[in-house]
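Below is one structure, written out as structure tokens; the observations come after it.
Reckoned from all heavy atoms, side chains included, excluding hydrogens, waters and symmetry mates.
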Amino acid sequence: MSALPLLLPPSSIPRASKNAQVEWTPQRYLSAPQPPPMDDAKVMEQEMAAARQGVDGKAVKKTRPRRTVDYNGGIGRWALLRKLRPNPTFVPYMRPAPPYIVDLLPPNAYPENSSTSLCTKFVHTSTNKIRCPVNVVTASWTPEGRRVLTGSTSGEFTLWNGLTFNFETILQAHDTAIRAFAFTHSGAYLASADQTGIIKYFQPNMNNLTAWQGHREAIRGLSFSPDDGRFATASDDSTIRIWSFEESREESVLTGHGWDVKCVEWHPTKGLLVSGSKDNLIKFWDPRTQKVLSTLHQHKNTIQALAWSPNGNLVASASRDQTVRVFDIRAMKEYRILKGHKKEVCSVTWHPIHPILASGGSEGAILHWDLSGPEPPALLPQPTSPPRATLSQAHDSNVWSLAFHPLGHLLASASNDHTTRFWSRERPGDASAVFAAGGEKPPEVQDAGGQDEEEDAVVPGFSYGGGKWWGREEEAALGAGAAEAALGMEEAGYGRRADEVMMGGSDDFIPGLGGADHIDHSVPVAPRQNGPLPSQEDMFGTGAEEWGNRGGAGPGPGGRSHRWGQRRGRY
């Protein structure tokens with residue numbers, strides 16, 4: 001058969017290149033990206049500032065950016081995605097790499113993925129300048145979610161910013177230790193109670209409206225009704241009292257507990273009260289008839305804290321018998337037994353979006369429990385569940401209070417170790433997270449200067465302090481020098497002071513005076529420091545400088561709809 005004629009023009013027939021071995025080389029953009037040119041005026045201003053610092057005899061401060069957890073970006077991205085998504089259930093896949101951190105949406109965007117609400121990444125430690133025993137007693141996010149209010153045994157309210165976690169204001173609210181406070185659901189008022197049984201009203205601007213003697217002994221719990229018309233208080237005088245909010249008048253007294261009543265919580269939507277006492281009992285009350293509806297005897301020691309789930313079907317209890325128990329009030333049966341604390345459990349709270357429970361113990365641990373999984377087999381004598389995440393050294397002492405942000409992306413913990421700490425969600429692909437397996441100790445606060453705004457102190461979270469609770473340790477640049485490296489080892493919890501590291505473990509080494517064998521005992525010795533060691537100029541030259549520290553609080557709008565129940569303004 002003869003060959004078919006070619007119908008294409010000769011120019012379109014491909015031919016082998018004569019220079020096939022020659023590779024393409026770029027001709028443009030050969031140099032690496034260069035930083036923008038510096039403004040001459042800015043350079044001159046920096047030089048003049050450095051000269052002024054030199055004249056004053058102070059070192060130039062190295063500014064560091066403050067740790068910030070901003071919810072605005074995620075909320076805006078989620079609102080835009082809801083308009084553009086192809087179907088109502090579409091959620092973009094989270095890739096485990098740092099560039100995709102910007103795609104992390106608020107917990108409300110992941111209704112079926114409760115692991116996005118485990119707040120286990122250490123962010124910041126906030127401490128009052130004046131430390132006092134059992135400093136922080138309770139913590140609560142303000143209704144709009146932009147700040148955190150804490151109360152201390154010195155009777156002070158401290159307001160922390162919830163975006164940058166720095167100190168905002170402080171108020172001497174009570175003369176004795178603050179034991180309980182709560183915002184109304186509308187956010188218009190705040191009611192607080194103290195050790196001597198005094199109840200006070202405040203406006204959000206901390207203007208005191210009224211005060212009166214509510215109980216003869218310390219008030220341990222305070223909770224508002226769903227319509228804010230009444231509130232209940234629990235006291236060490238073994239009674240629960242219901243008060244008319246507007247009239248500041250006692251309406252009824254609930255008696256039935258045989259010992260101190262440690263906590264009381266009003267149902268989120270119904271006329272139902274639950275209380276826990278030192279007599280190991282949990283009682284449900286009808287506030288209209290003042291009668292006990294039911295009593296639970298499952299705990300073997302004092303009930304320290306109670307919390308309703310956002311939909312009101314479950315109630316969680318924390319006890320000194322080292323267990324957290326969850327009860328289903330629809331069947332009045334025990335739903336779960338949560339065992340994992342090594343000492344008594346002091347606090348418990350529910351996540352506002354997902355079925356996650358956070359509890360704090362007297363050993364300083366914070367445990368996260370995920371109740372979204374399948375129920376344990378009914379054949380077991382006790383349906384126990386292991387914790388989903390464990391922060392075994394979150395605090396140095398009792399964790400008195402836990403409070404989730406209304407959006408669910410932040411957790412504030414208040415402790416007996418004088419500190420309030422903030423925890424956020426882990427970020428995708430974050431290699432510099434804070435807790436390794438088992439939970440390492442967060443960086444210590446160097447001093448109690450929580451109200452100072454100086455930027456030269458070590459920023460918690462930017463220093464050595466342990467990796468993610470499943471991963472690597474966080475790296476930080478504390479600068480060169482043996483003292484700073486030793487300080488980093490000390491903050492990481494290796495148990496050695498900086499001067500011991502520099503001198504091979506000697507306890508007698510005095511900074512600036514040489515080795516331990518050449519100590520002149522006639523020279524006065526500076527007291528041992530808990531924080532970083534000062535320089536020689538600070539100790540023996542120009543005088544000690546005031547060291548700074550920082551604190552915090554939180555952001556966020558209140559009401560969001562979720563799988564737990566109906567839409568409400570605040571939980």
Side-chain angles (χ1 to χ4, degrees), residues 88-89 106-119 140-141 143 145 182-187 221 223-228 230-232 263-276 282-287 293-294 296 298 305-318 324-338 347-359 368-376 383 385 388 402-411 556-571:
T89 60
N108 204 24
Y110 311 102
E112 304 300 328
N113 188 1
S114 58
S115 63
T116 59
S117 296
L118 299 174
C119 297
S140 177
W141 292 89
F183 284 95
T184 59
H185 296 88
S186 65
S223 180
F224 277 93
S225 64
D227 63 354
D228 294 336
R230 294 165 181 82
F231 66 94
C263 47
V264 63
E265 294 292 335
W266 208 301
H267 192 279
T269 58
K270 296 178 174 59
L272 178 64
L273 284 171
V274 62
S275 62
I282 299 174
K283 289 182 179 290
F284 294 88
W285 306 82
D286 185 346
L293 301 177
S294 181
L296 301 177
Q298 273 79 355
L306 292 167
W308 287 103
S309 62
N311 64 1
N313 293 333
L314 304 175
V315 61
S317 60
V324 177
R325 295 173 187 256
V326 182
F327 302 94
D328 191 336
I329 66 168
R330 295 168 293 184
M332 288 310 294
K333 71 170 187 178
E334 195 171 59
Y335 179 67
R336 297 283 177 89
I337 301 176
L338 310 178
S347 57
V348 65
T349 187
W350 289 91
H351 192 274
I353 309 298
H354 290 122
I356 288 178
L357 197 64
S359 60
H368 290 73
W369 313 87
D370 189 354
L371 303 184
S372 62
E375 293 190 37
S385 300
R388 179 72 181 271
L402 294 168
F404 276 104
H405 188 279
L407 287 178
H409 70 296
L410 284 174
L411 174 67
R560 309 210 63 82
S561 60
H562 49 75
R563 61 177 293 183
W564 278 94
Q566 63 273 20
R567 189 181 186 92
R568 288 187 304 278
R570 180 177 177 269
Y571 309 114

Heavy-atom donor-acceptor pair, H267 side chain to G312 backbone, under 3.5 Å
yes

Could you check whether any side-chain heavy atom of S114 comes within less than 4.5 Å of a side-chain heavy atom of R388, counting everything from C-beta outward?
yes

With rounding to the nearest 0.5 Å, note down the distance linking NE2 in H354 to OG in S115.
8.0 Å

Separation between NE2 of H351 and CG of L118, rounded to the nearest 0.5 Å
8.5 Å

Starting at CG of L273, measure out to OG of S223 and round the result to the nearest 0.5 Å.
7.5 Å

State, with a plain yes or no, whether a side-chain heavy atom of S117 is found less than 4.5 Å away from one of F404.
no

Where F224 and F183 come nearest, the two heavy atoms and their spacing
CD1-O, 3.7 Å

Taking R325's backbone N and O only, do any of them form a donor-acceptor pair with S317's side chain (distance below 3.5 Å, no angle check)?
yes

Carefully, step by step, assess I282 and V274 under the rule side chain to side chain contact (heavy atoms under 4.5 Å, CB included).
CA-CA 7 Å; I282 299 174; V274 62; 3.5 Å; yes

If you measure from CG on L293 to CG on D286, what distance do you get to the nearest 0.5 Å?
5.5 Å

Does W141 use its side chain to pair, donor to acceptor, with the backbone of A403 at less than 3.5 Å?
yes

Given 3.5 Å as the limit, does a donor-acceptor pair link the side chain of H185 with the main chain of S225, or not?
yes

Flag side-chain contact, heavy atom, 4.5 Å: I329 against W308
yes

For F284 and M332, run side chain to side chain contact (heavy atoms under 4.5 Å, CB included): C-alpha distance rounded to whole Å, both residues' side-chain angles, the deciding distance at 0.1 Å, then the answer.
CA-CA 10 Å; F284 294 88; M332 288 310 294; 3.6 Å; yes

Here the pair of heavy atoms bringing S309 nearest to N313 is OG-N, 3.4 Å

What's the spacing between L411 CG and L402 CG if we round to 0.5 Å?
5.5 Å

Between CG on residue L314 and CH2 on residue W350, distance to nearest 0.5 Å:
4.5 Å

Please check this pair: side chain of D328 against backbone of K333, looking for a donor-acceptor N/O pair closer than 3.5 Å.
no

Do F231 and T184 come close enough that some side-chain heavy atom pair is under 4.5 Å?
no

